[in-house]
Amino acid sequence: MSEQSKQLVAPTGTHDVLPDTSRAWERVVGTFSGMAHQWGFGLVLTPMFEDVAVFNRGIGEESDVARKEMYVFEDRGGRMLALRPEGTAPVVRAFVQHHPTTPWKAWYVTPAFRYERPQAGRYRQHHQLGVEVLGTEDPLIDVEVIALAWRFYEALGLRQVRLIVNSMGHSECRSTFVLSLRTHLSSQESQLCEEHLKTWSGNPLRVIDCKKRECRKVIDAGPSIADALCAECDAHFSQVADGLTAIGVPWERNVKLVRGFDYYTRTTFEFVSDALDGSQNAVGGGGRYDQLAEDLGGNPTAGVGFGSGIERLLLALQAEDPQEFETLRDASIDVFVVDTTGGQEALQICDLLRRSGLAVDRAYDARSMKSQLKAADRSGARVAILVGPQELEAGTITIRDLRALDEGNRQKLVPRSNLVDAVREAIEMSMG
Ligand code: HAM
């Protein structure tokens, strides 16, 4: 086969989302957008690519994502750009650029691009839903941001998600901690895994994330961030914890939770699903980033937010309850119109029924009755409407319950003038 005629497929680590699952996407995004509005957030859309400095300064040049995973390219004008690997830095860049009044509450849904080794739950293009709040240090906004994520998971029906919370402290606490961590790691250097033996001094915090046994042992014996928190950061953390408890959001603290980006200060959190495989079980995560606006050239402005991976949410939903997941992605319509008189009748009937709010489809190309009925069955519709020459002549329509088991009661003839009501009634009857 020549290169020219070879079939082209989506790049490694990316996926097409087709109608057999995209209905679940619509429902997840719809639930989130409704809730974000309820919580007082407005949708913010920023470009899919940014000046690479937005991410190098934002998430930190030493972070794994900036070092190894960003899609960086030079455009035709010689600018260095990067496809966004995450949603927070672009939103903060937009905040700095447009100076909106604070607190500024933004929500988004976006693809994110990371050159990772693809595996189940980890892709080179994934999609995130998230929120960011800029302009307040109040720990109660941390609580609301976390609670929004929690209530969202609840609304989706997830029951096996746990919330893990920690505090990284503000920049001074963090520096104190990093210093003692450095001392510890330098004394244990030879015990570290191969990768971190080489990289720990560039960003010692990354070693804490390492899943390898060698690094875990070193980290377990090392200093704890909890001991490095100043009184103010400690109090901030307690207020977040008390707030969560007050509204009944269960949480656990893990002092080893440090997240992958350098912008985090104070509150950090992650939502893990016990229904997913351990290495890719985070369905969401976030935290505070009180320095980020300044790092991107703005005035000092506190911020907090979270992002949640849509693919991971769907994997978790499917793992928790496969049957319920089928309902979530069910794209069945209400009515399928079968017209054996040429197609014009179907055109008018579809228009009438769709305007009445029903989900309606039909066949094209003047197919045979048999072929149209097959298409009706495939569509998942509850009822089919049949129009043949006899019905046309008599001003009637046949309504067929596609799910009825009792052949005798399956069809009925109704006057065309009463079509919408008769179809609605038939759908209700079919649902039992
Ligand atoms: P993150 O933890 O890197 O945080 O990503 C958020 C979520 O996106 C993860 O919990 C996971 O569900 C999903 N995710 C991340 N990488 C992949 C991947 N390669 N494949 C599939 N899903 C993935 C952030 O991106 C921060 N911007 C979150 C945030 C918002 N912090 C403050 N505000």
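Small disclaimer: the values here were computed from a predicted structure and weren't measured. For ligands, and for the atoms within them, numbers begin at 1 and follow the listed sequence. Side chains are part of it too, since the values below use all heavy atoms of this structure and drop only hydrogens, waters and symmetry mates.
In terms of protein heavy atoms, atom 32 (C) of ligand 1 is closest to Gly305 O, 3.2 Å. The shortest contact between atom 18 (C) of ligand 1 and any protein heavy atom is with His126 ND1, 3.4 Å. Ranking the protein heavy atoms by distance from atom 12 (O) of ligand 1 puts Ala282 O, 2.9 Å first. The nearest protein atom to atom 8 (O) of ligand 1, hydrogens excluded, is given as Gln128 NE2, 3.4 Å; this is a heavy-atom distance.
At a 4.0 Å cut-off, not a single heavy atom of Gly260 sits close enough to ligand 1 to count as contact. Ligand 1 does not have Gly130 within reach: every non-hydrogen atom of the residue lies 4.0 Å or more from it.
Considering backbone and side-chain N/O atoms, Tyr289 never comes within less than 3.5 Å of an N/O atom of ligand 1. Ligand 1 has an N or O atom lying under 3.5 Å from an N or O atom of Glu86, backbone or side chain. Taking any N or O of Ser308, backbone or side chain, none lies under 3.5 Å from an N or O belonging to ligand 1. Taking only nitrogen or oxygen atoms, main chain and side chain alike, Gly286 does not reach within less than 3.5 Å of ligand 1.
Residue contact check: Gly285 has heavy atoms under 4.0 Å from atoms 10 (O), 28 (C), 29 (C) of ligand 1. For ligand 1, the atoms sitting less than 4.0 Å from at least one non-hydrogen atom of Gly284 are 10 (O), 12 (O), numbered in the order shown with element in parentheses. The atoms of ligand 1 that sit less than 4.0 Å from any heavy atom of Arg259 are 1 (P), 2 (O), 4 (O), 24 (C), 28 (C). Set against the non-hydrogen atoms of Gly309, the atoms of ligand 1 under 4.0 Å away are 7 (C), 8 (O), 12 (O), 13 (C). Atoms of ligand 1 lying under 4.0 Å from at least one heavy atom of Gly307, given by number and element, are 6 (C), 7 (C), 28 (C), 29 (C), 30 (C). Ligand 1 places these atoms under 4.0 Å from at least one heavy atom of Phe261: 3 (O), 4 (O), 24 (C), 25 (O), 26 (C).
When heavy-atom distances to ligand 1 are checked against a 4.0 Å cut-off, Phe271 has no atom that comes that close, whether in backbone or side chain. Residue-level proximity to ligand 1 for Arg122 is carried by backbone and side chain together, each with a heavy atom below 4.0 angstrom. Looking at Glu132 against ligand 1, only its side chain comes within 4.0 Å, counting heavy atoms. Contacts of Val283 with ligand 1, taken as heavy-atom pairs under 4.0 Å, involve the backbone alone.
For the pair Arg84 and Phe113, the cation does not sit on the ring face, since its NZ or CZ is not both under 6.0 Å from the ring centre and inside 45° of the axis.
Looking at Arg159 and Glu320, no side-chain N of the basic residue comes within less than 4.0 Å of a carboxylate O on the acidic one, giving no salt bridge. With respect to Asp274 and Arg162, a salt bridge is recorded, a charged nitrogen being found less than 4.0 Å from a carboxylate O. Between Asp330 and Arg23 there is no salt bridge, since none of the side-chain N atoms of the basic residue sits less than 4.0 Å from a carboxylate O of the acidic one. Salt bridge absent: Glu86 and Arg114 never bring a charged side-chain N and a carboxylate O closer than 4.0 Å. With salt bridges taken as basic N to acidic carboxylate O contacts below 4.0 Å, one links Asp209 and Arg206.
A ring-centre distance under 6.0 Å is found for Phe32 and Phe152.
Using modelled atom types, one finds a donor on one side chain and an acceptor on the other under 3.5 Å when comparing Trp251 with Thr245.
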- Task: Assess whether side chain to side chain donor-acceptor pair (under 3.5 Å) is satisfied between Thr14 and Gln125, documenting all intermediate values.
- Result: CA-CA 5 Å; Thr14 69; Gln125 176 178 338; 6.0 Å; no
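Here the options are Val91, Val44, Val145, Thr88, the test is side-chain contact (heavy atoms from CB on, under 4.5 Å), and the partner is Val131; only Val145 passes.
Closest heavy-atom approach to atom 31 (N) of ligand 1 among the candidates Tyr264, Phe306, Tyr263: Tyr264.
With hydrogens and angles disregarded, a donor-acceptor distance shorter than 3.5 Å links the side chain of Asp138 to the backbone of Leu140.
Counted within 6.0 Å of CZ on Arg79, heavy atoms from surrounding residues, nucleotides or ligands total 12 or fewer; the atom is thus considered open.
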